K.L.:
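For reference, the structure I am asking about is given below.
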Amino acid sequence: MPPLPTTPVENEPQSVTDSDTGSGSGPGAGPGPRVLTEAELSRLLREQQFGVLASVRRTGHPHLTTVLYSWDAEERVVRVSSTADRLKPRQLRTDPHAALHVSGPDVFSFAVAEGEAEVSAPAAVPGDDVSRELLSLTPGFADPAEEAAFLAQVVADRRVVIRIRVSRLYGTALDIPAAD
């Protein structure tokens, strides 16, 4: 996916409608959104760190929250750290339908990873499977004492891993030509 400009191109339309085919001239004319390939979507998810996690409230309304996440393309799993008593894990235990929206490097591109979420048990003992999985979401620690402190803290915080098994991945980009 080539980098997209972050500033509007002079004399280019600034809005594109879903029905725009990119033909003609005048307001609304210009390139239409381009569907991103699986490789481009995976790259966008890998390169970004923050996204908006959508879960479903009991009322059926969406609940949106900004999260730090990790993408495993090979497993097609998004991982998010949370604490056991927060709203996200409670909602996802009730209704596992989830989506993660990730903005691209500019305002013209995005990826969405949809799937069903599972919520781990809280980390119970420093070094258990859950705390090790949480550790894998960090850049790691050079100092063993810092790693041990991290593992103890995830237990104290009652941290869980939210795993979204991605069944649908989609997104678009709007390729605005660069100014001459």
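Side-chain atoms are counted along with the backbone in the values below, which use heavy atoms only and exclude waters and symmetry mates. This is a predicted model, so every value here is computed, not measured.
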K.L.:
Tell me every residue that passes side-chain contact (heavy atoms from CB on, under 4.5 Å) with Glu74, counting only those two or more places apart in sequence or in another chain.
P.N.:
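Glu74: side-chain contact (heavy atoms from CB on, under 4.5 Å) contacts with Asp72.
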K.L.:
Answer yes when Arg43 and Glu38 have at least one side-chain N-carboxylate O distance shorter than 4.0 Å, and no when they do not.
P.N.:
no
K.L.:
Which pairs pass ring pair (Phe, Tyr, Trp, His ring centres under 6.0 Å) with one or both residues in residues 47-80, sequence neighbours excluded?
P.N.:
none
K.L.:
Checking Ser131 side chain against Asp128 main chain: does a donor-acceptor pair fall under 3.5 Å?
P.N.:
yes
K.L.:
Check the side chains of Ser81 and Arg159 for a donor-acceptor pair under 3.5 angstrom, ignoring hydrogens and angles.
P.N.:
yes
K.L.:
So, the side chain of Glu40 versus the backbone of Thr37: is there a donor-acceptor pair under 3.5 Å, distance only?
P.N.:
yes
K.L.:
What pairs meet the ring pair (Phe, Tyr, Trp, His ring centres under 6.0 Å) rule with one or both residues in residues 125-160, with sequence neighbours excluded?
P.N.:
Phe141-Phe150
K.L.:
Go through the structure and list residues passing ring pair (Phe, Tyr, Trp, His ring centres under 6.0 Å) with His97, not counting sequence neighbours.
P.N.:
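Checked His97 against ring pair (Phe, Tyr, Trp, His ring centres under 6.0 Å); zero matches.
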K.L.:
Any side-chain heavy atom of Val154 within less than 4.5 Å of one from Asp157?
P.N.:
no
K.L.:
With sequence neighbours excluded, tell me which residues meet side-chain contact (heavy atoms from CB on, under 4.5 Å) with Pro126.
P.N.:
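Only Leu151, Ala152, Val155 meet the side-chain contact (heavy atoms from CB on, under 4.5 Å) criterion with Pro126.
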K.L.:
Drop me the distance from Lys88's NZ to Leu53's CG, to the nearest 0.5 angstrom.
P.N.:
7.0 Å
K.L.:
Keeping Asp129 on the side-chain end and Arg132 on the backbone end, is there a donor-acceptor pair under 3.5 Å?
P.N.:
no
K.L.:
Out of curiosity, does Val80 fall in the hydrophobic cluster containing Leu169 (side-chain heavy atoms, cut-off under 4.5 Å, transitive links)?
P.N.:
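Yes.
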K.L.:
Would you say that more than 12 heavy atoms from the other residues, nucleotides or ligands in this model lie under 6.0 Å from the CG of Asp95, or not?
P.N.:
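Enclosed.
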K.L.:
In residues 114-122, what donor-acceptor pairs under 3.5 Å come from side-chain atoms, sequence neighbours left out?
P.N.:
{"from": "Glu114", "atom 1": "OE2", "to": "Tyr170", "atom 2": "OH", "distance (Å)": "3.3"}
{"from": "Glu118", "atom 1": "OE2", "to": "Arg163", "atom 2": "NH1", "distance (Å)": "2.9"}
{"from": "Glu118", "atom 1": "OE2", "to": "Arg165", "atom 2": "NH2", "distance (Å)": "3.1"}
{"from": "Ser120", "atom 1": "OG", "to": "Val161", "atom 2": "N", "distance (Å)": "2.8"}

K.L.:
Report yes if some heavy atom in the side chain of Val102 is under 4.5 Å from a heavy atom in the side chain of Phe110; otherwise report no.
P.N.:
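Result no, sub-4.5 Å side-chain heavy-atom pair not found.
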K.L.:
Ignoring hydrogens and geometry, is there a side-chain-to-backbone donor-acceptor pair from Arg90 to Asp85 under 3.5 Å?
P.N.:
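Yes: the side chain of Arg90 pairs with the backbone of Asp85.
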